[in-house]
Amino acid sequence: MRIWHLDKTTKKNVLNDLLKRSPNHYGEYEERVATILEKVKTEKDSALFAYTKSFDGADISAANIRVTEDEIKEAYEQVDESLLEIIRKALHNIRTYHEKQKVNSWFDSRPDGTILGQKVTALQRVGVYVPGGKAAYPSSVLMNIAPAKAAGVEEIFMVTPPGADGKVTPTTLVAAKEAGADVIYKVGGAQAVAALAYGTESIPKVDKIVGPGNIYVALAKKAVYGHVSIDAIAGPSEILVIADETASPRYVAADLLSQAEHDELASAILVTTSEDLAQKVSEEVAAFTQQLSRGEIIQKSLENYGYILVADTLEDVIDIANEIASEHLEIQTKNPYDVMTKIRNAGAIFIGEYSSEPLGDYFAGPNHVLPTNGTAKFFSPLSVDDFIKKSSIIAYSREALEEIHEDIEAFAEAEHLTAHANSIMVRFENRKEQNE
């Protein structure tokens with residue numbers, strides 16, 4: 001891995017390079033995505049099935065687009081019992097974590113007859129996108145469905161691309177059944193996003209679409225936002241490790257590569273105050289890359305977006321970490337909890353040498369759907385909050401309104417909104433006439 005001394009120039013170069021990975025920079029795909037969306041919006045099922053045949057090679061129709069109970073049963077028979085047990089253990093941890101995020105409605109009643117509050121309501125219908133094809137990620141199924149179930153979503157519709165044989169990966173089906181998907185549809189890509197956003201004869205329109213996908217899926221979600229809600233625009237995976245001289249070079253290198261293997265756009269960055277650690281990590285990375293199955297992808301990822309940055313002080317390390325706002329942030333320092341308190345921007349924070357990033361991906365319980373490309377500065381991990389909405393509650397008695405009605409009327413008049421003022425005034429016009 002390249003080793004740079006952290007200064008103003010290298011900081012600027014790294015930040016500029018990372019921004020190139022954002023889905024907002026893939027404008028050449030937007031026209032193709034827009035065409036797919038419009039075609040599905042107007043032609044519905046016929047376009048949906050045609051695109052599935054074209055992109056996935058599968059003959060899907062209204063008769064077989066929904067995964068059947070028999071297909072789910074067959075999937076269970078194909079998944080190893082030991083893996084099924086691991087999926088169930090992980091799901092238990094994920095459910096337990098997200099159950100703690102639940103919030104309740106509240107109401108504040110006062111003696112004057114005023115009632116103010118907030119009504120919390122789960123979304124009625126949510127669409128979960130799950131990648132398919134060569135990659136099968138049952139962990140992503142669990143992470144997207146579990147918080148929706150914890151929130152109390154009534155209907156969870158999952159979409160995932162089928163193979164050319166018209167079947168869905170068995171582990172994906174099993175994870176969906178275990179997590180609680182209500183219906184699973186055999187369709188993927190931008191066309192699946194369009195179906196969820198606009199509705200077709202076979203797939204009802206949903207209220208929100210969540211889940212990761214390729215660039216076509218990301219741009220499709222961005223385009224349909226407003227017709228439906230979305231979780232976020234997912235970008236390539238990334239990890240940033242903060243480490244000092246106390247860290248294990250072997251652990252740090254292994255953790256960096258855990259994200260670099262995702263794809264050639266993935267980013268893996270070490271920021272350290274130790275030049276000795278930087279050199280040793282670089283050596284360990286080179287050795288690991290020769291051994292790992294996705295070595296070619298790892299190598300290209302590191303060439304494009306892999307860095308080891310050596311800073312003068314820990315304060316400089318923390319400063320660049322907050323600027324990058326990484327999806328995954330590991331802290332392997334002498335006092336990791338002290339460093340953690342100074343981190344403002346990160347999707348998930350892993351503290352200590354035994355809290356490696358894959359722990360969060362699969363098993364610990366916190367969600368692995370995280371903000372990328374610096375959006376951790378203003379976005380949060382997927383959570384129960386993404387599957388609820390809040391309504392304000394306002395109830396005033398006549399007596400309570402009477403005490404303040406003139407203030408409201410005066411405020412409205414100041415904004416030249418006489419109908420607003422009149423809406424309050426008419427409730428007390430008889431009293432005003434009596435006083436006159």
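- Within the 4.5 Å cutoff, no side-chain heavy atoms of Val159 are placed close to those of Lys186.
- At a threshold of 4.5 Å between non-hydrogen side-chain atoms, the residues Ile60 and Val187 do not count as touching.
- Defined by atom type and a distance below 3.5 Å, a donor-acceptor pair is present between the side-chain atoms of Gln259 and Glu357.
- Two residues are said to be in side-chain contact when any heavy atoms from C-beta on lie closer than 4.5 Å; Glu74 and Glu69 fail this criterion.
- Taking the six-membered ring where the residue is Trp, Tyr216 and Tyr29 present perpendicular rings, their angle passing 60° and hence far from 30°.
- A ring-ring contact (aromatic ring centres under 6.0 Å, His included) check over residues 64-100, counting only residues at least two apart or in different chains, returns nothing.
- Looking only at atom types and distance, the side chain of Lys119 has a donor-acceptor partner in the side chain of Thr121 under 3.5 Å away.
- Ile320 contributes atom CD1, which lies 7.5 Å from atom OG1 of Thr10 (distance to the nearest 0.5 angstrom).
- Ionic pairing of Lys44 and Glu201 is not present here: no N-O contact between side-chain nitrogen and carboxylate oxygen is shorter than 4.0 angstrom.
- Taking the charged nitrogens against the carboxylate oxygens, Glu245 and Lys334 have no contact shorter than 4.0 Å, which rules out a salt bridge.
- Residues satisfying the ring pair (Phe, Tyr, Trp, His ring centres under 6.0 Å) criterion with Tyr396, sequence neighbours excluded, are absent altogether.
- For Tyr307, the ring pair (Phe, Tyr, Trp, His ring centres under 6.0 Å) partners at least two apart in sequence or on another chain are Trp4.
- Here the closest non-hydrogen pair linking Thr160 and Val130 is OG1-O, 2.8 Å.
- Between Val128 and the options Ile209, Asp231, Ile156, a side chain to side chain contact (heavy atoms under 4.5 Å, CB included) holds for only Ile156.
- Within 6.0 Å of CZ on Phe288 lie more than 12 heavy atoms contributed by other residues, nucleotides or ligands.
- Remark: Asp263 does not engage Lys300 in a salt bridge, criterion side-chain N to carboxylate O under 4.0 Å.
- Between the CG atom of Asn367 and the CG atom of Asp386 there is a distance of 8.5 Å, given to the nearest 0.5 Å.
- The heavy-atom pair separating Phe157 from Pro204 by the smallest distance is CE1-CG, 3.6 Å.
- Checked against salt bridge (charged side-chain N to carboxylate O under 4.0 Å, His left out), Lys53 has the following partners two or more places apart in sequence or in another chain: Asp59.
- Taking the salt bridge (charged side-chain N to carboxylate O under 4.0 Å, His left out) definition, one finds that Glu154 meets it with nothing, sequence neighbours left out.
- Shortest non-hydrogen contact noted between Ser267 and Ser301 is N-OG, 4.4 Å.
- A heavy-atom distance below 4.5 Å is found between the side chains of Met1 and Leu256.
- Ion pairing between Lys11 and Asp319 holds under the 4.0 Å rule for side-chain N and carboxylate O.
- Rounding to the nearest 0.5 Å gives a distance of 10.5 Å between OG1 of Thr273 and CD1 of Ile242.
- Residues Glu261 and Arg294 approach most closely at O-NE, 2.8 Å, considering heavy atoms.
- Heavy atoms only, all atoms of each residue included: Arg2 and Tyr305 are closest at NH2-N, 3.8 Å.
- Across Val141 and Ala175, no two heavy atoms sit closer than the pair CG1-C, 3.7 Å.
- Here Glu71 does not pair with Lys167 in a salt bridge; the nearest charged N to carboxylate O distance is not below 4.0 Å.
- Evaluation of the side chain to side chain donor-acceptor pair (under 3.5 Å) rule for Ser140 yields Asn144 as partners, not counting sequence neighbours.
- Within the model, atoms CG of Leu48 and CD of Glu43 stand 11.0 Å from one another, a figure rounded to the nearest 0.5 Å.
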